[in-house]
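Everything below concerns the one structure shown next.
We name chains A, B, ... by the order of the sequence lines, and we start the count at 1 in each one.
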Amino acid sequence: MRRLTWIGAGLVAAALLLLPPLSGFHPYYLYLVSTALLFGTLATAWNLLAYAGQISFGHAAFFGLGAYGAALASLGRFSPWWAIVLGGLLGAGGAGVIGLASARLQGAYLALATLAYAEIWRGIAHNWSEVSGGGAGLIGIPPLPPLPWLPLDFTRGRAGSYYLSLAFLLVVLALFAGILHSRLGLAFAAVREEEERASLLGVHPLPWKILAFALSGFFSALAGGLYVHMVRVVEPDLVFSRYFSILPLVMATFGGLHTLLGPATAALGLYLVSELLLQPYVPVFHQLPYGLALIVVVLYLPGGLAGLLPSPRPSPHRGEGR
Amino acid sequence: MALLEGRGLSMAFGGLLALRGVDIAVEEHQVVGLLGPNGSGKTTLFNILSGLLRPTAGQVWFHGTRMTDLPPWKISRLGIGRTFQIPRPFAHSTVFDNVLVGVTFRPRHRYHCPQDRRRETERLLGIVGLAEKAAANANELSLGERKRLELAMALSTRPTLLLLDELASGLSPKGREEVIRFYARLKERGLTIFAIEHSFRVLAQVADRLLVLDQGTIVADGRPAQVLGSPRVVEAYLGEDDHG
Amino acid sequence: MSLTTLAQTLASGALLGCFYTLMALAFSMVLSVTRALNLAHGDLIILGGYLGYWFWSGSGLHPLLLVPVAGAALLPLALLWQWLFNRLPEPKELSSLVLTFGLSLLLQNIMLALWRGEYRLIASESLTGSIRLGGLRLNQGRLIVAAAALAAVGGLYLALTRTRWGRAVRATSLDREAAALLGINVDQATRTTFLLALALSGGAGVLFATLHYLYPAGGIELTLLAIVLTIWAGVGRLRSVLVAGVLLGVIEALTVAWSGPRWRELVVALLLLASLLARSGGLAGGRSH
């Protein structure tokens, strides 16, 4: 079973690698699959935070911060590569802030706080016109330059951003795998499963939670930075859109919470079904897969949400005094 | 000076007084037993000693350090480990990882090489007899196995003081024999133990000293034989069977 | 800002607050009976608004007459919502949030498909103009909306306190198990709750459409407002919701008066985050688990 998973993953990776030449560098399909790959990264980043037991309904905040940060830095004549990294750091900071502020919130209330946080950033982007360009956003963001040491067909334009998105997803997946098997993963799982018990074993939960937020925010923001250099505009309602909060949640829970490859696989599958099969024929229902996937997860896969839901535990003073 | 000392500990939940000015002292390398009927405040006392609850009044010192306001993770790092009466493992993690957490994040006797941490974890699992269950998920264990896991988790931080909450309750007579042997082995290793047990018989065999808590106050304190013979204790337990 | 303008702003905000009260009550009713947070609440209101707009542009009837029509139009959805909410795993607060996040997405999509994301307003002539009251000039549309909202809230209050099924709903919201033990049909009461809540939402949508432009993604702001009010007032306390609603309306009116309407959404989100952090726990006052 495990072997099959890896063979399947290898085949998918090979197909993704060969897609541009096979599709004749078709710009629309490349753009579509690049976006799917970015959603894969976003879903994996969301999953990383969920691995530490923190439920976010506001990943749009981190994605959007990365997008704006990268756009502003790029327009400020930083090289796009540095701009994307700066955007990533901005997203990590923004995520750390909400992680710290909402440290005492759990479950649904943490989810609501992150949702509000994303809305706050959308509001700031709308109103802080001098910096963000207001509701109209920023235009004229330079494209990513082709990499010098590879054949031009593969590194310029859509193909370039395609391979970049793919490489980025693979790197994030590799990091996620590394984290799962490190001290980080151990601490995240302990904080998720039984925060109080973890603290009785000498683990101070707060810094780990903030770290999980910052890491997840960093990866999401890098995806945001990459995205604005692909679409080359940034608007509040585009990059702080609730879709960037809902879709990673749907994809990660549908693909299998806390698993390595599930969220990214679900992201590719759901996004491509929605855009390739439904959008051209029944555009009205092209978001339907996400809604249905979520309903299936909540109602029919109790295991699918199990990791989200903290196990009922006796509160400290209930052990006695019955 | 006692290793662990609590003075005037009181705890109120709303209008309910769970503890009323309790004084305790646990000497180093001793096994001190805590007895008391249901609802007498035993677990509340443990929750205060491990930092899960802040007492309404009173102070706790450990090694002469005042620790009343410290969070649980700092208290754990001072060298206090505890178990829960109803085991509370990391349910979806493996037995191995459950123990590895404490081994990895303890501040003293820390191993910097992951290999050493794994070896130490295996050693602890061997001590409690869970070595062959290392790869199982914690929620797949039987009650007896979970109790052993509790002990291994408590030991994983290398505590100098162990707070054991009803390690023997709910176990078969054979399991209880085993727990009694554990107590002896832990004491041999120089650990100080403060243990709640529901059963007189277990404590009478292992404890150097017994405390009896009733309705939030200490009603007896002394050597086991002395305490178990005292009329106050008999009165406190009147109508309570030794079924633990 | 002159004193008259200030008074006028306060009065106009208070009128708006009556509408917010109605909207928040529908949200908190569902929460108190099912412990589920309906994140699609605002989207349902917007849907009611679009339906109202559709009927209005087709029939030219007075918008107030369309309030019950839009309310009735949402009743089938109430049954769907109840069917879905019945199947939520524990803890319901979180699983409902996840589910309704998806439902909200679907509703927005459907509205976008049906009305193409155009901004719509029920600009009935019967609602324009203003009324002089002392030194104040009050917008007639707002007055009518506030009166209608208060009438609905009053009707709800009477229904919940005076009728048998209303009392069953209240008992179920206080303690589901105890209510069942007392022989109350809690499933029936839950259905009543959803029917009432969605009818109120649909009606509230028509009222909202006379005040603000509708757009498919506009629902989230209303949901956030409802959650803020529920945090402030607590679950199931009708009078506190009214006070909180009026307070929120006034805060919003002052924000708009001082810094312009584009800050409104930001202020609502900030209020929600601040309220959650200040409360750091469940909406019902208890811990979240």
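- Counting non-hydrogen atoms of other residues, nucleotides and ligands closer than 6.0 Å to NE2 of His109(B) gives a total above 12.
- Each of Gly102(B), Pro159(B), Ser76(B) has some count of heavy-atom pairs under 4.5 Å with chain A, and the biggest count is that of Ser76(B).
- In this structure, no portion of Ile75(B) lies under 4.5 Å from any heavy atom of chain A.
- Nearest heavy atom pair, residue Glu193(A) against residue Ser93(B), reads CG-OG, 4.0 Å.
- Taking Gln59(B) as the reference, Trp61(B), Arg66(B), Thr68(B) meet the side chain to side chain contact (heavy atoms under 4.5 Å, CB included) condition, with sequence neighbours excluded.
- Note that NZ of Lys74(B) is 12.5 Å distant from OG of Ser199(A), once rounded to the nearest 0.5 Å.
- At a 4.5 Å heavy-atom cutoff, Glu166(B) makes no contact with chain A through either its backbone or its side chain.
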Residue pair Arg183(A), Phe105(B): steps toward the side chain to side chain contact (heavy atoms under 4.5 Å, CB included) verdict: CA-CA 9 Å; Arg183(A) 286 158 43 95; Phe105(B) 296 101; 4.1 Å; yes

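- Between Trp73(B) and His204(A), the angle of the ring planes stays under 30°, which puts this pair in the parallel group of the 30/60° scheme.
- Counting heavy-atom pairs closer than 4.5 Å to chain A, the top-ranked of the candidates Arg117(B), Met153(B), Met11(B), Arg82(B) is Met153(B).
- Note that the CG atom of Leu201(A) and the OG atom of Ser156(B) stand 5.0 Å from one another [nearest 0.5 Å].
- Side-chain contact between His258(A) and His92(B) is absent, with no heavy-atom pair separated by less than 4.5 Å.
- The shortest distance between side-chain heavy atoms of Thr104(B) and Val203(A) does not fall below 4.5 Å.
- In this structure, Arg88(B) CZ and Arg197(A) CZ are separated by 7.5 Å, a value rounded to the nearest 0.5 Å.
- Taking Pro205(A), Ala198(A), Ala189(A) one by one and counting their heavy-atom pairs under 4.5 Å with chain B, the maximum is reached by Ala198(A).
- Within a 6.0 Å sphere centred on CZ of Arg158(B), heavy atoms belonging to other residues, nucleotides or ligands number more than 12.
- For Thr157(B), the part lying under 4.5 angstrom from a heavy atom of chain A is the side chain only.
- Atom CG of Asn47(B) is separated from atom CD of Glu196(A) by 7.5 Å, given to the nearest 0.5 angstrom.
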